[in-house]
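Just below is one structure, and these are the notes that go with it.
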Amino acid sequence: MTRGSPWQALASLAGRSELLVAGLMSGTSGDGIDIALVRIRPDECGPWQADLETFESRPYEPALRERLLDPLRLSSREIAELGVSWAERAATGIQEALAEAGLEPGELDLIGSHGHTLWHQPPGVAAVAASFQIGEADVLAERLGVPVVSDFRPRDLAAGGQGAPLVPMAEWLLRRPETGARLFLNLGGMANVSVISTRQEDVLAFDTGPGVAWIDAAARLASDGREPFDRDGQRAARGRVQEHVLASWLEDPYFQTPPPKSTGRERFGEAAFEDIAEAWTGRADDLVRTLTELTARSIALSIERFVPRSPEPRELWISGGGAHHPVLVDSIRDQVALPVSVIDDPLLTVDSKEAVAFAILAVRTLRGEPGNVPSATGARRPVVLGKISLGL
């Protein structure tokens with residue numbers, strides 16, 4: 001192969017009118033690896049077109065999930081090994097998803113991998129802004145033989161942004177309204193809101209705080225580890241809100257801080273939950289219910305305080321694992337002054353939206369186009385995100 005031909009191949013791929021892309025996502029809830037196979041047709045002028053060929057989630061076994069959710073206990077060797085094994089697991093998942101969809105491995109053009117976040121430290125939290133995702137992209141490239149775009153967050157951080165949220169670019173490209181605004185809420189381990197307007201420069205997005213991370217932790221505590229999450233909201237439905245405790249939690253300065261802002265398990269994760277659990281004196285199901293209400297109220301307060309009234313969103317669409325928690329969804333519905341519904345979209349489904357988004361962002365990178373939205377992340381300028389591992 002002549003020198004320079006890999007870049008010629010990338011340029012040729014970037015010029016294609018349609019691409020089959022695998023999007024990979026492992027969220028802060030630590031449930032598993034989400035795999036979306038998406039046919040993407042970029043548009044130079046209008047919204048992009050895309051079809052979801054298939055979506056599947058490969059759950060983590062309990063021991064692996066425990067390691068991913070508490071990375072400060074891992075050694076450097078364990079982290080390095082975990083990154084490779086995560087990629088091997090993802091590569092197998094893509095191969096199986098292709099087979100289940102009746103697609104040949106040679107039809108796959110590109111992979112966009114978010115990996116799994118072990119640490120996210122946005123500006124203002126410490127002297128150095130940094131974000132670290134595992135999932136060795138070179139392993140994916142070697143196993144699948146296609147280019148892989150990974151490590152999306154650091155470039156936005158380098159440009160002064162939060163490194164998150166990045167999904168709004170995909171939401172804007174795929175589902176921006178002709179007039180007004182659309183309000184998306186993703187309930188993962190953390191919760192985040194996107195206000196998608198007609199003009200990209202008017203897009204606003206930020207993390208509201210904990211999503212289901214603490215609810216999951218409380219369910220594990222209540223069941224001595226037998227229940228990884230509050231299935232169907234059963235524990236929350238049996239519990240009662242302890243209003244005085246909830247009021248003290250809502251005094252956390254994060255909830256008062258205006259966007260741009262992002263957060264993660266470093267602030268609303270296992271270490272903080274251990275402090276909550278140690279101080280809790282009531283019933284275990286009351287703890288689950290009160291934490292469920294914390295998520296709902298912090299979301300409602302964030303929308304009331306920080307979402308612009310013009311253009312005014314007409315509806316709130318919920319996605320993510322928390323959309324399967326009926327008590328949480330009903331509580332949000334009771335407190336948000338908008339019609340609230342679980343998202344019903346053939347492409348951006350309740351569970352697939354973030355994996356689809358990183359497939360879209362990978363194509364943006366391949367085409368040399370910015371993947372961040374500065375009005376959402378707070379970056380100084382639009383930048384091309386990620387690093388490319390050649391599939392050769």
Side-chain angles (χ1 to χ4, degrees), residues 22-37 54-100 111 113-120 132-137 139-140 142-144 148 150 187-190 210-235 264-266 268-271 273-274 277 284 288 320-325 349-352 354-355 358:
L24 301 177
M25 178 66 191
S26 175
T28 50
S29 59
D31 296 326
I33 302 175
D34 292 339
I35 303 169
L37 296 181
T54 191
F55 171 80
E56 66 173 60
S57 186
R58 299 177 67 85
Y60 297 129
E61 58 268 23
L64 175 57
R65 186 172 191 250
E66 184 177 346
R67 296 172 76 200
L68 291 171
L69 296 185
D70 197 6
L72 294 181
R73 299 183 183 181
L74 300 177
S75 68
S76 298
R77 173 183 172 176
E78 289 173 316
I79 292 172
E81 291 176 346
L82 200 57
V84 173
S85 62
W86 188 96
E88 295 282 10
R89 176 187 297 255
T92 300
I94 292 173
Q95 290 166 337
E96 293 178 353
L98 286 165
E100 290 169 8
I111 298 171
S113 176
H114 172 273
H116 181 85
T117 299
L118 290 188
W119 190 259
H120 182 70
F132 178 52
Q133 286 74 41
I134 61 165
E136 184 51 67
V139 171
L140 287 167
E142 182 67 20
R143 298 293 176 264
L144 279 302
V148 180
S150 64
L187 291 172
M190 301 302 120
V212 297
W214 279 353
I215 302 170
D216 292 349
R220 291 195 297 272
L221 178 67
S223 65
D224 293 324
R226 294 186 302 275
E227 301 170 12
F229 56 91
D230 184 21
R231 187 178 298 277
D232 299 323
Q234 294 177 10
R235 288 191 174 276
R265 288 186 175 273
E266 301 73 29
F268 296 110
E270 277 56 38
F273 176 76
E274 288 176 5
V288 177
H324 301 293
H325 193 294
T349 71
V350 168
D351 298 310
S352 71
E354 291 199 311
F358 282 94

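This one's a predicted model, so the numbers in the text were calculated from it and none came from an experiment.
- In this structure H116 satisfies the ring-ring contact (aromatic ring centres under 6.0 Å, His included) test with no other residue, sequence neighbours excluded.
- Side-chain contact check for S113 versus W86: some heavy-atom pair is nearer than 4.5 Å.
- Evaluation of the side chain to side chain donor-acceptor pair (under 3.5 Å) rule for W214 yields no partner, not counting sequence neighbours.
- By the salt bridge (charged side-chain N to carboxylate O under 4.0 Å, His left out) test, E96 is found to be paired with R58, residues two or more places apart in sequence or in another chain being considered.
- Partners of R67 according to the side chain to side chain contact (heavy atoms under 4.5 Å, CB included) rule, which considers only residues two or more places apart in sequence or in another chain, are L74, E78, L82.
- Checking side-chain atoms of T28 against main-chain N and O of M190 turns up a donor-acceptor pair under 3.5 Å.
- The side chain to side chain donor-acceptor pair (under 3.5 Å) check on R226 picks up nothing, with sequence neighbours excluded.
- With sequence neighbours left out, the side chain to side chain contact (heavy atoms under 4.5 Å, CB included) criterion links A323 to I318, V342, V350.
- Contact check for E354 versus D34: no side-chain heavy atoms found under the 4.5 Å cut-off.
- With sequence neighbours excluded, the residues forming a side chain to side chain donor-acceptor pair (under 3.5 Å) with R265 are E270, listed by chain and number.
- Evaluation of the side chain to side chain contact (heavy atoms under 4.5 Å, CB included) rule for A271 yields no partner, not counting sequence neighbours.
- With sequence neighbours excluded, the residues satisfying salt bridge (charged side-chain N to carboxylate O under 4.0 Å, His left out) with R73 are D70, E274.
- Take E88 and apply the side chain to side chain contact (heavy atoms under 4.5 Å, CB included) test, not counting sequence neighbours, and it matches V84, V139, R143.
- Shown here for H114 and F358, the closest heavy-atom pair between the two residues is CD2-CZ, 3.3 Å.
- Scanning for side chain to side chain donor-acceptor pair (under 3.5 Å) contacts around H120 gives S131, S262, with sequence neighbours left out.
- Residues P71 and L68 share a closest heavy-atom pair of CD-O, 3.6 Å.
- Closest non-hydrogen pair, A36 versus A355, comes out as CB-CB, 3.8 Å.
- The shortest distance between side-chain heavy atoms of D351 and F55 falls below 4.5 Å.
- Other residues, nucleotides and ligands place no more than 12 heavy atoms under 6.0 Å from the CD atom of E142.
- Annotation: salt bridge (charged side-chain N to carboxylate O under 4.0 Å, His left out) contacts of D216 (sequence neighbours excluded): R65.
- Listed here is the closest heavy atom pair of A97 and T54: O-CG2, 3.9 Å.
- S29 approaches D31 most closely through the heavy-atom pair OG-OD2, 3.0 Å.
- When every heavy atom of Q133 is checked against every heavy atom of W119, the shortest pair comes out as NE2-O, 4.5 Å.
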